[in-house]
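Sequence lines set the chain letters: A, B, ... in the order given, protein chains first and strands last, and positions in each chain run from 1. These numbers come from the heavy atoms of this one structure, side chains and all, not from hydrogens, waters or symmetry mates.
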Amino acid sequence: MPEFFEEEEEGEEEDKLPDIEAEEVKMRMAPYPSGPLHIGNARMVLLNDEYVKRNDGTLVLFYDDTIGSETKRLLPEAYDMIKEGLEWLNVEWHETYYKSQRMDIYYKYGKKILEMNEAYVCECSQESLREKRERGEVCEHRDRPGEENLELWDRMLDGEIEEGDAVMRLKTDMEHPDPAFRDRVLFRISKNEHPKVGKKYSVWPLLEFSWAVDDHLLGMTHILRGKDLVIEDRMEEYIWDLFGWEKPEFLHYGMLRLKDINLSKSEFQRKMAEGEFDSWEDLRTWSLQSLRRRGIQPEAVRDFILDFGMSETDIEVAPSKLYSKNREIIDPEANRYFFIPDPVKIELIGDIKPDKAKIARHPSDPDRGYRELQVGKEVYIPRKEFDEYQGEEIRLKNFCNVELDGKEGKITGFENKDILKIQWLLDGLDVKVERPDATLEKGIGEKNLLETEPGDIVQFERYGFVKVQEKDPFLVTFGHR
RNA sequence: GCUCCUGUAGUGUAGUUCGGCCAACCAUCUUGGCCUCUCGAGCCAAAGACACGGGUUCGAAUCCCGUCGGGAGCACCA
């Protein structure tokens, strides 16, 4: 009887996503390739993936690579970095598309909507457009005859009109109570160079229009997006109604912020250009690649994200939550080693009995055996404990107890006592630890570290989990405590 | 200002659809204790919340009204 209940409980755990009711599920994730995916984008990606997997559906990777803006630039290498991030997260997708490859489709429907007289070419300046929108005023371009619209549209496409001089706008309602919904722009002119199609196109759709077309054409059943994009729902619905198309369902999730962490791809792009960051793997970017470097496991990211469910509340969560998920995964795997940050040498006073110290590679798994440490009269200990425990008795773990007196340590015994135990080393490798803020912490690590390989995640006792990067000058990246 | 969304412990969530089984779940964090020769892990325990005010009702976290708070949109970015 008890077994019966236990089983039931386990089956119910971790199900924070509301079910979706549909026979068929097709969803899409639409990253904008301005940089690699970061922890924030992971929410969009993983929720899509999770829903599709649960419903045995189809997932589309759709690069939302329209031309962007000054502040949001396309980055040619981002396409592959995004793919790499998705693979790392074990996201499975079935089809891949690029907005930049579908321009003719958008033009076709753009023309159609113009012919239906549901849109118009507007030659207002950006400022006057904004002001009129604010006041709910109609501009003189709104009622121009259809032929004139089509003619101007052709001239836009031919590149005869300069950037900023004309846009195509949807005729929603300039007096709509929601100012955000007043005659939004559908297409605009940009003569910037695109990493995939160069200067072939000078008219680019905005996301509301391209999505309205593609979500229909590709047969999306559910559209998952952040709360910040809800107005796009209504834009899409408006356009679908115009064309008489069926409507997919919308799902929303709230904004996610990491406490004290800035996740701005455009800002990182700038810092990259200015040379402040030298790679997208820089630990400060929080890109998936950087998390991988830190030894964060993709499963930890997934657990972390799915734990928020589909709530539309805005959340601010501390990174320690991610770390605890990760620790769960790596703690049983990571072997233990000694690392002395900022070492101070002390001299031991008294007789030394054993000539070697034996310490388990993993305290919970004796099968992994022991590592041996040479003992001697002069040992290094971390400066922190050296400073804080003067005059007190502490234990050099698995070796001896000492009473600190300046740079001397008087040996008081060898038995294991219930006092502070710290790491120590007679000698060792120079080790550098790359911290999440990109600073390097120097210290010495035990020579047994040479038995590890790059990519291994180990724990520096009393210091934290690190991932081995290079062995020659020994370099590790810090994950978390 | 206008439009939309949202308010359960420090943090994040379950419960809100169909009011009672909720003196409110789980995780994390914190604090004690046990265990362990790590400040890691494990085990045990404690602490901690229904934003506020009205109303409906025998009964409200759940329904209604109001107030207050938080967020987003009002870009020729996504």
Side-chain angles (χ1 to χ4, degrees), chain A residues 9 12-16 18 30-34 64-74 99 122 124-126 129-130 133-134 136 163-169 176-182 184-190 203-204 206-208 210-211 225-234 252 254-257 259 265-266 303-304 306-309 311-318 320-325 327-328 330-332 334 336 338 357-360 362-365 385 395-399 401 415-423 459-465 480-481:
Chain A
E9 268 172 37
E12 280 176 27
E13 101 184 312
E14 275 314 318
D15 216 22
K16 292 184 178 167
Y32 179 75
S34 60
D64 206 348
D65 62 340
T66 52
I67 198 73
S69 68
E70 301 271 319
T71 47
K72 246 180 185 162
R73 287 174 195 285
L74 291 166
K99 283 254 177 90
C122 177
C124 287
S125 70
Q126 210 167 141
L129 193 155
R130 193 195 319 126
R133 171 138 59 209
E134 208 172 293
E163 212 168 302
D165 288 350
V167 293
M168 189 202 287
R169 297 174 73 185
H176 196 282
D178 181 356
F181 203 66
R182 294 172 188 163
R184 284 179 77 93
V185 173
L186 261 24
F187 286 90
R188 43 71 197 249
I189 296 168
S190 171
V203 175
W204 291 87
L206 272 77
L207 84 168
E208 29 264 86
S210 55
W211 279 126
R225 53 169 54 124
K227 242 173 49 160
D228 51 329
L229 256 29
V230 281
I231 191 169
E232 313 307 338
D233 295 9
R234 288 194 283 148
H252 301 125
M255 311 305 289
L256 168 66
R257 256 182 301 277
K259 199 170 187 331
K265 279 198 275 191
S266 30
D303 285 354
F304 172 70
L306 261 24
D307 202 40
F308 306 134
S311 97
E312 282 191 52
T313 341
D314 303 306
I315 54 188
E316 182 173 69
V317 68
S320 58
K321 192 109 179 177
L322 173 64
Y323 302 153
S324 79
K325 297 276 187 197
R327 197 180 297 119
E328 245 173 67
I330 63 175
D331 180 77
R336 269 60 171 169
F338 278 174
K358 274 178 71 185
I359 314 176
H362 195 292
S364 319
D365 184 6
E385 280 76 13
R395 177 163 174 81
L396 306 184
K397 198 182 167 218
N398 296 74
F399 177 25
N401 309 320
E415 77 287 0
N416 182 20
K417 274 171 95 174
D418 193 16
I419 50 177
L420 178 76
K421 297 172 188 74
I422 66 166
Q423 71 276 41
Q459 189 205 46
F460 284 170
E461 293 196 45
R462 310 206 324 124
Y463 182 81
F465 293 92
H480 48 80
R481 293 204 76 127

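A close approach under 4.0 Å does not occur between any side-chain nitrogen or oxygen of Ser320(A) and OP1 or OP2 of rC29(B). Look at Arg327(A) and you'll find a side-chain N or O under 4.0 angstrom from OP1 or OP2 of rA41(B).
When the P atom is compared between rU28(B) and rU67(B), the two are found 41 Å apart, to the nearest whole Å. To the nearest whole angstrom, the two P atoms, one in rU11(B) and one in rA75(B), are 33 Å apart. If you take atom C1' in rC21(B) and the same atom in rU6(B), they sit 29 Å apart, rounded to whole Å. Comparing the C1' positions of rG20(B) and rC63(B) gives an interatomic distance of 14 Å, to the nearest angstrom. A gap of 24 Å separates the C1' atoms of rA45(B) and rU8(B), to the nearest Å. Comparing rC26(B) with rC64(B), their P atoms are spaced 29 Å from each other, to the whole Å. Here, rG55(B) and rA61(B) have their P atoms 15 Å apart, quoted to the whole Å. For rG19(B) and rC58(B), the C1' atoms lie 12 Å apart once the distance is rounded to whole Å.
The backbone N or O of Lys99(A) sits less than 3.5 Å from a side-chain atom of Asp65(A), completing a donor-acceptor pair.
Under a 4.0 Å N-O distance rule, the pair Glu232(A)/Arg225(A) does not qualify as a salt bridge.
Considering only heavy atoms from C-beta on, Glu208(A) stays 4.5 Å or farther from Ile231(A) through its side chain.
Candidate nucleotides rA78(B), rC29(B), rC4(B) were compared by shortest atom distance to the side chain of Val230(A), and rC4(B) ranks first. With distances taken from any side-chain atom of Pro363(A) to the nucleotides rG40(B), rA78(B), rG70(B), the minimum falls on rG40(B). When distances are taken from the side chain of Arg257(A) to each of rG71(B), rG12(B), rC2(B), the shortest belongs to rG71(B). Out of rA41(B), rA14(B), rC74(B), the shortest distance to the side chain of Lys16(A) is found at rA14(B).
Using cut-offs of 30° and 60° on the angle between ring planes, the pair Phe308(A) and Phe304(A) is perpendicular.
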- For the pair Phe181(A) and Arg234(A), evaluate side-chain contact (heavy atoms from CB on, under 4.5 Å) and give the outcome as yes or no after the intermediate values. CA-CA 9 Å; Phe181(A) 203 66; Arg234(A) 288 194 283 148; 3.6 Å; yes
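Interface remark: the Lys321(A) side chain does form a donor-acceptor pair with the rA27(B) base, using a distance-only criterion of under 3.5 Å. Side chain Arg395(A) to base rC37(B): a donor-acceptor pair is found below 3.5 Å. Residue Gln459(A) places a side-chain atom within donor-acceptor reach of the base of rU38(B), judged by atom type and a 3.5 Å distance cut-off alone.
The base-pairing partner of rG10(B), taking Watson-Crick or G-U wobble contacts with both distances under 3.5 Å, is rU28(B). The partner of rC74(B) is rG1(B), by the rule that a Watson-Crick or G-U pair needs both atom distances under 3.5 Å.
Rounded to whole angstrom, the span from the CG atom of Leu129(A) across to the C1' atom of rC74(B) amounts to 12 Å.
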